Amino acid sequence: MATRKMETLCRSRNQASTEPPILPPGLDTRDLFHGNRTVAINHHGERYILRLTRNERLILTKEV
């Protein structure tokens, strides 16, 4: 029984690798920040701050 599960798992992995990946929907940072350098994100009752740096990099920190 374990061998059959392993064969199925290997087969499904091989099939998945030959198919093109499904990409999640994208969001442009210009639409997200609306000209600001920070945006607050609420996730499962926790608050995070997403910052855009001078070098156009993103930093996500959890508010305490």
Side-chain angles (χ1 to χ4, degrees):
M1 179 109 146
T3 305
R4 184 170 286 166
K5 285 183 180 180
M6 185 59 96
E7 289 172 359
T8 304
L9 179 62
C10 291
R11 205 173 319 121
S12 64
R13 283 185 180 167
N14 289 338
Q15 289 172 352
S17 65
T18 60
E19 297 174 5
I22 298 173
L23 300 176
L27 182 62
D28 194 289
T29 53
R30 291 173 291 197
D31 297 330
L32 183 62
F33 285 99
H34 295 286
N36 298 309
R37 304 298 290 184
T38 60
V39 64
I41 301 170
N42 297 312
H43 178 66
H44 293 289
E46 303 287 338
R47 187 173 172 96
Y48 296 83
I49 302 297
L50 184 62
R51 289 180 174 80
L52 185 60
T53 68
R54 283 180 281 167
N55 297 327
E56 300 298 314
R57 296 187 181 196
L58 297 171
I59 298 175
L60 181 65
T61 55
K62 183 177 177 182
E63 269 193 350
V64 181

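Remember, predicted model here, so these are calculated numbers, not experimental data.
- Cluster partners of Ile59: none. The rule joins Ile, Leu, Val, Met, Phe, Trp and Tyr whenever side-chain heavy atoms lie under 4.5 Å apart, and it links nothing here.
- Ile22 forms part of no hydrophobic cluster, judged by ILVMFWY side-chain heavy-atom separations under 4.5 Å.
- Not counting sequence neighbours, Asn42 has no partner by the side chain to side chain donor-acceptor pair (under 3.5 Å) test.
- With sequence neighbours excluded, the residues that form a salt bridge (charged side-chain N to carboxylate O under 4.0 Å, His left out) with Arg47 are Glu63.
- In this view, Arg37 and Glu56 satisfy the salt bridge (charged side-chain N to carboxylate O under 4.0 Å, His left out) rule, not counting sequence neighbours.
- The side chain to side chain donor-acceptor pair (under 3.5 Å) search around Arg54 returns none, not counting sequence neighbours.
- In this structure Thr29 satisfies the side chain to side chain donor-acceptor pair (under 3.5 Å) test with no other residue, sequence neighbours excluded.
- Judged by distance alone, with hydrogens and angles left aside, the side-chain atoms of Asp28 form a donor-acceptor pair with the main-chain N or O of Arg30 at under 3.5 Å.
- Remark: Leu50 engages Leu32, Phe33, Val39, Ile41, Leu58, Leu60 in a side chain to side chain contact (heavy atoms under 4.5 Å, CB included) (not counting sequence neighbours).
- Checked against salt bridge (charged side-chain N to carboxylate O under 4.0 Å, His left out), Asp31 has no partners two or more places apart in sequence or in another chain.
- By the side chain to side chain contact (heavy atoms under 4.5 Å, CB included) test, Leu23 pairs with no residue at all, sequence neighbours left out.
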